[in-house]
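Step one of this worksheet: look at the structure below.
From a predicted model like this one, the values you see are computed outputs, not experimental measurements.
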Amino acid sequence: MSVHQKQTQKTVTDMSEADAIINQMAEQARDAQAVLGRAKADSRNQALLQAAQLIRQNSQQIKTANQKDREHGRQTGLTDAFIDRLTLKADRIEAMATGLEDIAGLEDPLGVELARWTRPNGLDISRISTALGVIGVIYESRPNVTVDAAGLCIKSGNAVILRGGSDSYHTSQLLSGLMQQGLIRAGLPQAAIQSVPSPDRALVGAMLAASGQLDVIIPRGGKGLVGRVRDEARVPVFAHLEGVCHLYVSAKADMKKAVDICINAKMRRVGICGAAETLLMDQTISSTDMSMIVKQLLDSGCEVRGTDIIAACDNRIVPATDADWGCEFLAPIIAVKTVSGLDEAIAHIRLNGSGHTESIITEDMSEAETFLSEIDSAIVMVNASTQFADGGEFGMGAEIGIATGKLHARGPVGADQLTSFKYI
């Protein structure tokens, strides 16, 4: 019987009860982290490998729980893009298991000598990586975050308290239970991974107020969730704001390459934070090439919202409004406009971007270098789809999210980013 099956959903009556639940979980997590943080890398890796095996063995149970969440989501009017983020089919279940195995194969992020030097007075000083402690992860819709977050925290010696959204409650609870079983099989404390036992929003407030109990909170979700966490948290936050990702097609681009990248960046998965939301094209690109790019987007099922020049390419284009620039659609919709060149493209991204991921498509490496140096987003690309903005693609095994702030962690938050350091 899984840990999840032994749990029952709690009903929270007020904030004092919510505080008591989080306080108890945090106390258990801190005790467990003291053990996990001292555990050998082999033990932590064994927990990950055991959890991967359990996920494969319980794939049917995962599908059943996920179906229950999806049916509830449709009844409550969730969009198709939201349902896609919620869905776990066989390939995504296997990807979770593989991700854990990839994390297990990474170098141990703990106890690494980051720097060492000797002072004239005889002091021998080293800077050594350590776990952060107890991490709170608050997320929406994507139940695979349960596995990614738990796996990365095990690898980095951190305990984690998970609070998934009500839309993925049954799936997330089952997955956290399987991760706990992986810890037990490796002889490690199961309280290093805990899932909040109710989708009640009061428990989010209690986590945000848990100063001195949680060491950091990582929100992963829409603008409303992230905004609430940033406004109310009394605990340090790794902010994952919107993914307003831009593509800029230069006049010096390979247009065949541009079409392929644009289609992938927008349409591979429209509901993820790395999906492109705005396409900028140099106004000197020929009308034939502009039309080719726009037509491919339209034919792939994408709604194109364009300025006047773009609208002239195809009668299916919807006129763009000011609200479309800087909008995270998370849907098969893209805003498209022409710009006078690289400088205007950079200015537009600075004004409307969220600091997530931007990509230039060009064969001029001087132009590419300017774009790379002048765009200060967490991830900047040349001739690549923005959907490569992913911890797995970066070789991190997985990620908890893409941090768009500039303190401590930035870009994909993997095991290395879940560490701090001490001086010895």
Side-chain angles (χ1 to χ4, degrees), residues 2-33 65 68-69 72-73 76 78 82 85-86 132-150 152-153 158-180 189-240 400-401:
S2 73
V3 174
H4 162 73
Q5 289 171 312
K6 297 176 184 177
Q7 296 172 341
T8 56
Q9 183 172 329
K10 295 182 182 296
T11 301
V12 180
T13 57
D14 55 36
M15 276 306 300
S16 62
E17 184 179 357
D19 289 339
I21 291 171
I22 296 302
N23 289 346
Q24 182 181 27
M25 294 178 73
E27 183 177 346
Q28 294 171 346
R30 197 157 295 281
D31 289 343
Q33 193 280 321
K68 187 173 184 178
D69 286 329
H72 180 262
T76 56
L78 295 182
F82 208 97
R85 295 199 297 276
L86 176 60
L132 286 171
V134 179
I135 297 173
V137 181
I138 302 172
Y139 55 102
E140 296 175 327
S141 71
R142 294 181 64 183
N144 62 293
V145 175
T146 305
V147 173
D148 292 346
L152 290 168
C153 285
N158 295 291
V160 63
I161 296 176
L162 301 161
R163 196 282 184 182
S166 57
D167 42 273
S168 63
Y169 181 79
H170 298 94
T171 314
S172 296
Q173 289 288 319
L174 174 57
L175 291 171
S176 66
L178 296 174
M179 295 300 298
Q180 285 181 322
Q190 73 178 70
I193 297 170
Q194 297 178 70
S195 188
V196 172
S198 167
D200 195 295
R201 289 174 61 86
L203 289 162
V204 174
M207 289 178 69
L208 299 181
S211 177
Q213 298 168 302
L214 301 184
D215 293 292
V216 68
I217 285 180
I218 303 175
R220 182 164 180 174
K223 190 174 183 178
L225 169 66
V226 177
R228 180 189 177 189
V229 171
R230 295 179 72 176
D231 291 344
E232 298 181 19
R234 295 171 57 194
V235 179
V237 175
F238 290 173
H240 173 126
I400 292 182

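- When all heavy atoms are compared, the tightest approach of Pro143 to Leu175 is O-CD1, 3.5 Å.
- Take Asp215 and apply the salt bridge (Lys or Arg N to Asp or Glu O under 4.0 Å) test, not counting sequence neighbours, and it matches Arg30.
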Met25 vs Ile21, test: side chain to side chain contact (heavy atoms under 4.5 Å, CB included). Steps then yes/no. CA-CA 6 Å; Met25 294 178 73; Ile21 291 171; 3.9 Å; yes
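- Of all heavy-atom pairs spanning Ser166 and Pro199, the tightest one is CB-CB, 3.6 Å.
- The CG atom of Asp69 sits 7.0 Å away from atom OG of Ser172, with the distance rounded to the nearest 0.5 Å.
- In this structure, the side chains of Pro219 and Val237 come closer than 4.5 Å at one or more pairs of heavy atoms.
- Glu27 contributes no side-chain N or O that, together with a main-chain N or O of Gln24, makes up a donor-acceptor pair within less than 3.5 Å.
- For Asp148, the side-chain contact (heavy atoms from CB on, under 4.5 Å) partners at least two apart in sequence or on another chain are Asn144, Ala398.
- For the side-chain hydrogen bond (donor to acceptor under 3.5 Å, both in side chains) condition, the pairs that include at least one residue of residues 201-214, sequence neighbours left out, are Asn23-Gln213.
- Pairs engaging residues 192-217 under the ring pair (Phe, Tyr, Trp, His ring centres under 6.0 Å) rule: none recorded [sequence neighbours left out].
- Here Glu232 pairs with Arg228 under the side-chain hydrogen bond (donor to acceptor under 3.5 Å, both in side chains) rule; sequence neighbours left out.
- Across every non-hydrogen atom of Met207 and Ile217, the tightest pair is O-CD1, 3.4 Å.
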Derivation and outcome, side chain to side chain contact (heavy atoms under 4.5 Å, CB included), residues Ile22 and Val196: CA-CA 8 Å; Ile22 296 302; Val196 172; 4.2 Å; yes
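- For the atom pair CG (Leu86) and OG1 (Thr171), the distance works out to 6.0 Å, reported to the nearest 0.5 Å.
- For the ring pair (Phe, Tyr, Trp, His ring centres under 6.0 Å) condition, the pairs that include at least one residue of residues 220-239, sequence neighbours left out, are Phe238-His408.
- For Tyr139, the ring-ring contact (aromatic ring centres under 6.0 Å, His included) test picks out no residue, with sequence neighbours left out.
- Closest heavy-atom contact between Gln194 and Gln180: CA-NE2, 4.3 Å.
- Judged by distance alone, with hydrogens and angles left aside, the side-chain atoms of Gln173 form no donor-acceptor pair with the main-chain N or O of Ser168 at under 3.5 Å.
- Looking at Arg142 and Arg220, their side chains come closer than 4.5 Å, going by heavy atoms from C-beta outward.
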Show your working on side chain to side chain contact (heavy atoms under 4.5 Å, CB included) between Ser198 and Leu203 and close with a plain yes or no. CA-CA 8 Å; Ser198 167; Leu203 289 162; 3.7 Å; yes
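- Separating the CG atom in Leu152 from the CD1 atom in Ile400 is a distance of 5.5 Å, to the nearest 0.5 Å.
- Qualifying salt bridge (Lys or Arg N to Asp or Glu O under 4.0 Å) partners for Arg163, counting only residues two or more places apart in sequence or in other chains: none.
- Listed for the Asn158 side chain is no donor-acceptor partner under 3.5 Å among the backbone atoms of Val134.
- Residues Leu162 and Ser176 approach most closely at CD1-CB, 4.3 Å, considering heavy atoms.
- Residues that satisfy the side-chain hydrogen bond (donor to acceptor under 3.5 Å, both in side chains) test with Asp167, not counting sequence neighbours, are absent from this structure.
- The two residues Ala206 and Asp19 make their nearest non-hydrogen contact at CB-OD1, 3.4 Å.
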